[in-house]
Amino acid sequence: MKLFFGFVFTVLFQVLLVVHINVASAEGFNTRFLLANNETSGPQQHSQGYCAMYDICGTRSDRKILNCPFGSPSVKPDDLLSAKIQSLCPTISGNVCCTEAQFDTLRAQVQQAIPFLVGCPACLRNFLNLFCELTCSPNQSQFINVTSIAKAGNKSTVDGIDYFITDSFGEGLYESCKEVKFGTMNTRAMDFIGSGAKNFRGWFDFIGRQAPPGVPGSPYAINFKPTSPESSGMVPMNVTTYSCTDTSLGCSCGDCPASPVCSSSTPPSAPKKSSCSVRIGSLKVKCVEVAVTVLYIVLTSMFLGWGFYHRKGGRIPVSRTRPLVNVGESGVVRQMSKHKDENVPMQMLEDGPQIAHGVQLSIVQGYMSKFYRRYGTWVARNPILVLCSSLAFVFVLCLGLIRFEVETRPEKLWVGPGSRAAKEKEFFDHHLAPFYRIEQLIIATLPDTVQGKPPSIITEDNIKLLFDIQKKVDALRANYSGSMISLTDICMKPLGQDCATQSIIQYFKMDPKNYDGLGGIEHVEYCFQHFTSADTCMSAFKAPLDPSTSLGGFSGNNFSEASAFIVTYPVNNAVDKESNDTKKAVAWEKAFIQLAKDELMSMALSKNLSLAFSSESSIEEELKRESTADAITIVVSYLVMFAYISLTLGDTPRFSSIYISSKVLLGLSGVVLVMLSVLGSVGVFSLMGVKSTLIIMEVIPFLVLAVGVDNMCILVHAVKRQPAELPLEGRISNALVEVGPSITLASLSEVLAFAVGSFIPMPACRVFSMFAALAVLLDFLLQVTAFVALIAYDFLRAEDNRVDCFPCVKISGADADPDKGASQKKLGLLARYMKDIHAPILNIWGVKVFVIAVFAAFSFASIALCTRIERGLEQQIVLPRNSYLQGYFDDISKYLRIGPPLYFVVKNYNYSSESMHTNQLCSISQCNSDSLLNEITRASLVPETSYIAKPAASWLDDFLVWLSPEAFGCCRKFLNGSYCPPDDQPPCCSSTSGSCGLSTACKDCTTCFRHSDLQSDRPSTEQFREKLPWFLDSLPSSDCAKGGKGAYTSSVELKSLEEGIVSASSFRTYHTPLNKQADYVDSMKAARDFSLKVSRSLKMEIFPYAVYYMFFEQYLTIWRTALVNLSIAIGAVFIVCFVITCSLWTSAIILLVLLMIVVDLMGVMAILGIQLNAVSVVNLVMAVGIGVEFVVHITHAFLVSSGDRNQRMKDSLTTMGASVFSGITLTKLVGVIVLCFSRTEVFVVYYFQMYLALVLLGFLHGLVFLPVLLSMFGPPSRCVLIEKQEDRPSTSSQF
């Protein structure tokens, strides 16, 4: 099964792309820049109406503005400047302490912050007040004190200030902004504007830090102080702060969870315990375990009480049945009983006495006996015709093998055609974009031999190794149809220029020449903290690189202690898997894997590092290799079983006649028939266009061989038991009458049990059931046709003293007849063991009680253990042990610190003015408190149960902010109404000169809308339709970080835009890190439950999508699938048994034992840690089929035996026990043991361990528990003493 651990990185970089240029300019948004705008001239005076800084006195070498340090009275601005200041700083009126140039600089820099904060007006207003007061307040000198002066040319400039500001303002500012989201990065805005500060003091420290030249930050130091010296006459700034809970300012629940509009929302629930448990002393056990224990004690006590009561009183009847006809000639009865002891209960003597031993059969069995008597005679007389016709029939079926194909695509194996996940994936791929292909390297340090802890990988040598590896990857070329394919030909390029490679060498723009120039290791560690804000840390593909996507093995945010580099190459994917684009990518991936094996591995080892690697196509390629990895092991397993079968069919070896009495040729012929039945089944379904699977090729031969060998042993031994004085056709006829009904009963039960499994939705299980049902049916038909004919030929060979395997060679004067009469020859070794040792031991009363108690105890324990079986299939198990992916999956679980991406997809979003959908989805101001995005944010607060790690990136929120008049640098238009980009983008910014603000191309651009143009800050239908394509084509940059190109290009489908509908859109977040198979299943279930709840609440169609959902969906219903399949299979066996035997009692016993075998096998699964998946479900269903062989034959023999229950149990073990033991138990044991040497873990776990457990459990239940159960509670005997008559009714069979 394909598992996509590598995909957890795919959308990580995609999330980063959404802000790929939000800090792309040299002075990208950083609040520390907002402090560089203040200057005054004249002496300082700290009183009302005076400035501390006024005008601009120069710039630094990095062109950062420096204010004049001398105070002067505040100045009355002209009406135009006053109106400008009022529009941005409504708390400032009258005189001001800023020039128009200072205000324009302030406005331009604040413009960078507005897109981050406009979703919460309270936060935005408080944030603007902080800098408006600093820059333009008429009472600036009362809370600003210039503490340091520097020279810029011939002028003095501000080099440091004290900014006195009250704690109440700082607290109010921080509280209003701390939860505001920056959806594009799936994170908080505080991470960008405050470096992730945890309180207002930390935020102020970040703002006030003086930055060296060329480094983002304030050009002078700002020391924020809560109180001013009493003698200074200064008063800390303390303008009113706005709380985000103020409903008039409309902060959303996502930005302000404490808002009153959110109070009606259901708070996140705490994690709930999923199971009931009871504490007994220091032991904590599950309630089901306690209940099962109590039930076992009660039932066992009742059973023991009943047993001892009846035994003490002698009230247990010897036999609960009576002969239908009571005959008094005891001498004849004894004679027949003695005769039967040495032969079989159902045998018929052609020349017997007038009183015969018969069996009262059901109507169905009566007709079957008549048919088999006539049919056996006909086959023995016409063996050539039967053999040739049956083989010809099978060969015709095998012609379908010319269309034989093996299905290896995981989505076709484990995902049904009606799968919800498959439909959702198809919708996502066709309406939005298919998920990216991932090629990945994990380079890690080795653990220290002393401390046992791996050292940090952040060293100069290791980073230079990354550059060397990247050089090799960049130079790699793969041949596809004569053209050479490189990484740049197939990689994802968000802006069409550079590959979006996720590697920490992106901090050096992927160029080793930048390593020393930018500061080497110090620069890397600087970028760990400032990757969102520092232009020097920007990647080559113009996006900030989150270190958590390219590092592993660290705790918290301690990136410097990381012990692994994670290098990810996102590659474009295509919907059509047969397209040239896909084939090119696959060709390059194969070359990439070969490069990693041949060169990159040795490069890493030379630095004492480990290397793990994977590509998108790796799992499928390794699964194909796995199909041939154990071919030799499987072939050896089959050969060993063939050899044993050939030997076990013969008589007890005697040197003098072994070359005649052996039946090697017959055994090999029977095995060939078994293989032909499998090939015939595969041929039929191949002709119908049904592809085979690896499970079919690996499991069905074992299954059919188990069934076929058992039938072969039973048939051969039945013929041997017939009197030698009878002609061969009489012996074969009698043998078929004797065992034909039980073989038919077992085979039909198995066929029906498998056939009903073809109705289940999971393709792997459905196809297995179809192939198995037909294979078992064909095997049964060949056993009663071709194999019976072969038996006739083999016995004729032996009687003619011809050598086994060389029938053309005849031995004259042989001294032994290999097929003596049954009355003269001894029982076989196994039959004697069953008669003289096994059965007598089981007939001891104490042994019976012990057997019942022990088997019941294990069954009850297995029921309790079943609750501990985990769902899933570990990736490492399905791959060869020497696969390079083994180390890759180990490293993924060891080093990964992020979870897979998660999309919430909305279908048919109605954006019209009349619809409420917009406010039902968004999470900014005026959005509904129970909107989709607010609910996602709320769910992310309880990741333990929701498995949602963070709020979602929202194209809708960013689009509404981008449209907002407050974000005056974003949505702009020229005078002709066409789109005008931000000032720092061409044509507004000269790309040749590298300077912005000098071009006049955009001087007449205006914002798209005024507040009066919008309806409650929402666009009209026409405005939405017109501006959404603008937004999706807008590049993010410093002046407007909300541009949607690259970030949301594939998040919105525009096809139905003209109809007022967005037919498909997605909102992206992440799952929490998922380390176990159960985590993947539970996370998918939690996401679906969440979507269902929100869909019902909003009356919109919303579904979650993650790339791994399609492969894990089966595990949501795997228990139901398993129980339904097992119930149908066992139920089918019960029905067939009841129809044929007409005995509810017999059918119930068969049902009980089959249930115990399956339950006990599940208990063994729990003990061995075997997970529940399609492979184990197939094995469980197969256990029903093989279990029938262990149970039906002995039960049927018991049913038609005479005497009391103990005697009948002994007879059934003597006649059928040896065949069952040698035919199934020993054969399968010999073959299964070979599988323990397999190189693939899946064979060891799911075939060796489960098969071995199945064979042992079948043997113990069929040959130990079942005989004891029959001896105590078996059904009445069908044997009667009857007078032999000429014309006997057809409903009764005589033997």
Side-chain angles (χ1 to χ4, degrees), residues 10-12 14-19 119 180-189 252-255 424-425 427-429 431-433 435 899-911 916-924 927-941 943 946-962 1024 1028 1031-1032 1042-1044 1046-1054 1061-1072 1083-1084 1086-1095 1097-1107 1109:
T10 303
V11 177
L12 286 173
Q14 187 185 20
V15 171
L16 299 174
L17 292 179
V18 297
V19 289
V180 175
K181 303 189 306 296
F182 182 50
T184 310
M185 277 289 289
N186 293 87
T187 187
R188 309 288 180 188
S252 69
C253 292
D255 293 332
E424 290 171 350
K425 179 184 184 299
F427 181 90
F428 189 91
D429 288 350
H431 291 270
L432 297 172
F435 217 69
L902 166 65
Y903 294 91
F904 286 97
V905 181
V906 179
K907 301 171 71 173
N908 300 322
Y909 157 41
N910 186 344
Y911 64 80
M916 294 296 296
H917 282 185
T918 297
N919 287 339
Q920 288 179 324
L921 293 176
C922 65
S923 64
I924 60 173
C927 297
N928 293 0
S929 62
D930 62 346
S931 69
L932 170 63
L933 291 164
N934 280 332
E935 289 294 332
I936 293 174
T937 301
R938 194 172 291 113
S940 68
L941 300 177
S946 70
Y947 292 90
I948 297 176
K950 55 178 65 179
S954 169
W955 69 266
L956 181 58
D957 283 357
D958 286 353
F959 173 55
L960 295 176
V961 169
W962 183 85
F1024 194 106
L1028 181 58
F1031 165 72
L1032 295 176
K1042 293 292 184 178
Y1048 300 121
T1049 303
S1050 60
S1051 295
V1052 186
E1053 184 181 47
L1054 300 178
I1061 297 292
V1062 175
S1063 57
S1065 64
S1066 64
F1067 301 92
R1068 181 185 56 250
T1069 180
Y1070 295 93
H1071 279 303
T1072 53
S1083 64
M1084 176 170 57
R1088 286 188 170 182
D1089 291 343
F1090 172 83
S1091 295
L1092 179 63
K1093 182 190 73 171
V1094 175
S1095 296
S1097 172
L1098 304 181
K1099 295 180 173 56
M1100 299 178 69
E1101 191 172 356
I1102 303 168
F1103 68 85
Y1105 172 74
V1107 71
Y1109 281 4

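All residue numbers in this chain count up from 1 along the given sequence.
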From CZ (Arg938) to CG (Leu941), nearest 0.5 Å: 8.0 Å
For Asn908, all residues meeting side chain to side chain donor-acceptor pair (under 3.5 Å), sequence neighbours excluded: none
Residue pair Leu432 / Ser1050: nearest heavy atoms and the distance that separates them: CB-O, 3.5 Å
Smallest separation among heavy atoms of Ile936 and Phe904, with atom names: CD1-CD1, 3.5 Å
Ser923 versus Cys927, closest heavy-atom pair with distance: N-SG, 3.4 Å
Pair Ser1091-Val1094, side chain to side chain contact (heavy atoms under 4.5 Å, CB included): steps then yes or no: CA-CA 5 Å; Ser1091 295; Val1094 175; 5.9 Å; no
CA sep, side-chain torsions, deciding dist, call: Leu1098, Glu935, side chain to side chain contact (heavy atoms under 4.5 Å, CB included): CA-CA 11 Å; Leu1098 304 181; Glu935 289 294 332; over 6 Å; no
Set of residues satisfying side-chain contact (heavy atoms from CB on, under 4.5 Å) with respect to Glu424, sequence neighbours excluded: Arg420, Arg1088, Phe1103
Residues forming a side chain to side chain donor-acceptor pair (under 3.5 Å) with Tyr911, sequence neighbours excluded: Arg1025
Euclidean distance, His917 NE2 relative to Asn928 CG, rounded to 0.5 Å: 11.0 Å
Shortest non-hydrogen contact between Ser929 and Asn934, atoms and distance: O-CB, 3.4 Å
Met1100 side, atom CE; Asn910 side, atom CG - distance, nearest 0.5 Å: 8.5 Å
Any Tyr1109 side-chain heavy atom under 4.5 Å of Leu902 side chain: yes
Phe1024/Phe959 aromatic ring centres below 6.0 Å: yes
Short side-chain to backbone donor-acceptor contact, Thr1069 and Lys950, under 3.5 Å: yes
Side chain to side chain donor-acceptor pair (under 3.5 Å) partners of Tyr909, counting only residues at least two apart: Thr918
Thr937: partners by side chain to side chain donor-acceptor pair (under 3.5 Å), with sequence neighbours left out: none
Step-by-step side chain to side chain contact (heavy atoms under 4.5 Å, CB included) determination, Phe1067 to Leu956: CA-CA 9 Å; Phe1067 301 92; Leu956 181 58; 4.0 Å; yes
Closest contact, heavy atoms only, Ser1083 versus His1071: O-CE1, 3.6 Å
Pair Tyr1105-Ser1066, side chain to side chain contact (heavy atoms under 4.5 Å, CB included): steps then yes or no: CA-CA 9 Å; Tyr1105 172 74; Ser1066 64; over 6 Å; no
With sequence neighbours excluded, residues passing ring-ring contact (aromatic ring centres under 6.0 Å, His included) with His431: Phe427
Closest contact, heavy atoms only, Trp955 versus Ser1065: NE1-CB, 3.4 Å
Spacing of Ile1102 atom CD1 and Leu932 atom CG [to the nearest 0.5 Å]: 4.5 Å
Heavy-atom side-chain contact between Asp958 and Phe1031 under 4.5 Å: yes
Partners meeting side-chain contact (heavy atoms from CB on, under 4.5 Å) with Thr1072 (sequence neighbours left out): Pro943, Tyr947, Ala949, Leu1074
Heavy-atom side-chain proximity of Cys922 to Ser931 below 4.5 angstrom: no
